[in-house]
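Working notes, structure below.
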Amino acid sequence: MARQLPYQTVKEIFTRFEASEPEPKGELHHLNAFTLLVAVALSAQATDAGVNKATGPLFPVADTPQKMLDLGEEGLTGYIKSIGLYRNKARNVIRMSRILVEEHGGEVPSSRAALEALPGVGRKTANVVLNMWWGHPAQAVDTHILRVGNRTGIAPGKDPVAVERAIEDHVPAEFQRHAHHWLILHGRYICVARKPKCKACLISDLCAYEDKTT
DNA sequence: ATCCCGAGGG
DNA sequence: CCCTCTGGAT
């Protein structure tokens, strides 16, 4: 695990991210709060491209919890079979939809506790919804951010919560809102898991990673 | 710690 | 073939 980069270095990194991409956005397709919640839940250990392929046909049919219940677990499974872990995900989305209808008036709750009480929704998914839909400064830490945070030294930590804290503590306040997507996109296209593309990386000179041969 | 679990890339 | 992909529940 790389050591924590100095504050000024982290600041310079995000200054470059912002210059390169002023308004970074996620790439998971959704139509409203409910479909965002479902899309994020489906994205566990799956690529967003793969999730989008399945939700393209699905969401026009089931863009509310009630319509999802009408579709049913069998029907839903038919749409998402191309996504890994699809049985657990189908079961969770149906159970989640029932709770939304019965306990939240069909709306997506805005509190962490209520979100994490939903089946298939853990800390990471809750943080994404809190950030993207409700505008809270929540830092969702996924596989990309865990890797990029440690490799670069922007936010080192052995577990997601530690990295979450490191981001809150070491990323300048003005960059916190978009930090999630900047780090995700950097991890997805440049700081990839296998052979990070350091030659094409715009923060390579500031990064703590040792092997920059690629 | 283990299970879930298909698609895409190297 | 092996690894990875915006994790969560047990």
Side-chain angles (χ1 to χ4, degrees), chain A residues 17 21 24-30 33 35-58 73 76-99 108 112-134 136-152 154-155 157-164 166-167 171 176-197 199-200 211 213-214:
Chain A
F17 282 155
E21 185 64 64
K25 292 175 291 184
E27 298 180 335
L28 271 181
H29 298 167
H30 59 278
T35 51
L36 172 64
L37 173 62
V38 172
V40 178
L42 292 178
S43 73
Q45 299 299 115
T47 62
D48 60 342
V51 172
N52 289 338
K53 192 174 297 182
T55 58
L58 169 64
E73 185 171 333
L76 173 57
T77 300
Y79 283 97
I80 68 170
K81 239 179 175 166
S82 62
I83 303 175
L85 317 180
Y86 68 90
R87 271 189 280 261
N88 285 335
K89 289 172 180 176
R91 188 176 66 246
N92 286 333
V93 168
I94 294 301
R95 290 179 177 172
M96 169 198 308
S97 298
R98 184 165 295 118
I99 293 174
V108 173
R112 167 185 304 287
L115 286 167
E116 290 189 8
L118 299 170
V121 180
R123 186 180 184 87
K124 180 260 173 180
T125 299
N127 279 343
V128 173
V129 173
L130 288 171
N131 183 323
M132 288 183 64
W133 192 261
W134 296 111
H136 296 197
Q139 295 300 334
V141 176
D142 55 40
T143 181
H144 289 304
I145 293 180
L146 190 69
R147 179 181 68 253
V148 174
N150 279 288
R151 186 182 275 166
T152 59
I154 293 171
K158 54 192 287 288
D159 64 273
V161 176
V163 171
E164 196 177 311
I167 292 172
V171 175
Q176 294 259 341
R177 179 182 266 319
H178 293 308
H180 174 69
H181 285 133
W182 277 320
L183 292 171
I184 285 271
L185 295 172
H186 186 64
R188 182 174 299 158
Y189 296 112
I190 302 294
C191 198
V192 296
R194 298 236 208 150
K195 293 177 181 172
K197 302 173 181 177
K199 304 281 192 192
D211 179 13
T213 53
T214 55

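All values reported here derive from a predicted model rather than from experimental measurement. Lettering of chains follows the sequences in order, A, B, ..., and the numbering in each one begins at 1.
- OP1 or OP2 of B:dC5 has at least one side-chain nitrogen or oxygen of A:R87 nearer than 4.0 Å.
- The shortest distance between the side-chain N/O atoms of A:T143 and the OP1/OP2 oxygens of C:dC5 is below 4.0 Å.
- Contact check for A:P160 versus A:R123: no side-chain heavy atoms found under the 4.5 Å cut-off.
- Heavy-atom nearest nucleotides on DNA chain C were determined for A:S43 and for A:E116, and the one closer to the 5' end corresponds to A:S43.
- Distance, A:L85 CG to C:dG8 P: 12 Å, rounded to whole Å.
- When distances are taken from the side chain of A:A193 to each of C:dC5, C:dG8, C:dT6, the shortest belongs to C:dC5.
- Atom P of B:dT2 sits at a distance of 25 Å from the matching atom of C:dT6, rounded to the whole Å.
- In this structure, CD of A:Q45 is placed 6 Å from C1' of C:dC5, rounded to the nearest angstrom.
- At a threshold of 4.5 Å between non-hydrogen side-chain atoms, the residues A:R188 and A:D48 count as touching.
- Atom NZ of A:K89 and atom P of B:dC3 are 18 Å apart (whole Å).
- Within the 4.0 angstrom heavy-atom criterion, no nucleotide atom of any strand lies near A:G50.
- Within 4.0 Å of A:P160, counting heavy atoms only, lies no atom of the nucleic acid at all.
- Between A:N127 and A:R112, the side chains place a donor N or O and an acceptor N or O closer than 3.5 Å (distance only, hydrogens not considered).
- Of the possible donor and acceptor atoms, none in the side chain of A:N92 sits under 3.5 Å from a partner among the backbone N and O of A:P119.
- If A:I184 and A:N92 are placed on DNA chain C by their nearest nucleotide, the residue sitting closer to the 5' end is A:I184.
- Distances shorter than 4.0 Å separate some side-chain N or O of A:H144 from OP1 or OP2 on C:dC5.
- Comparing the P positions of B:dA7 and C:dG8 gives a spacing of 22 Å, expressed to the nearest Å.
- Rounded to whole Å, the distance from CG on A:L37 to C1' on C:dG8 is 13 Å.
- Taking only side-chain nitrogens and oxygens, A:T125 comes nearer than 4.0 Å to OP1 or OP2 of C:dG8.
- Per the geometry, NE2 belonging to A:H186 stands 16 Å off C1' belonging to C:dT6, to the nearest Å.
- Where A:K53 and A:Y86 meet DNA chain B, the nucleotide closest to each residue was compared, and A:Y86 sits on the side nearer the 5' end.
- Base engagement by A:G26 is indicated by at least one non-hydrogen atom pair under 4.0 Å involving a base atom.
- Candidate nucleotides C:dG7, B:dG9, C:dT6 were compared by shortest atom distance to the side chain of A:R194, and B:dG9 ranks first.
- Residue A:R91 is out of contact with every strand shown, counting any heavy-atom pair closer than 4.0 Å.
- Contact between the side-chain N/O atoms of A:R123 and the OP1/OP2 oxygens of C:dG7 is not found at any separation under 4.0 Å.
- One interatomic measurement links the two molecules: CH2 of A:W182 to C1' of C:dT6, which rounds to 18 Å at whole-angstrom precision.
- Atom CZ of A:R188 is separated from atom P of B:dG9 by 14 Å (rounded to the nearest Å).
- When heavy atoms are screened at a 4.0 angstrom cut-off, A:V121 is found touching the sugar-phosphate backbone but no base atom.
- Between A:H180 and A:I145, the closest side-chain pair of non-hydrogen atoms falls below 4.5 Å.
- Distance A:N127 CG to C:dG8 C1': 14 Å, rounded to the nearest Å.
- The aromatic rings of A:W182 and A:F17 sit parallel to each other, their planes meeting at less than 30°, with 60° as the upper class boundary.
- A:L118 comes within 4.0 angstrom of the backbone, heavy atoms only, and of no base.
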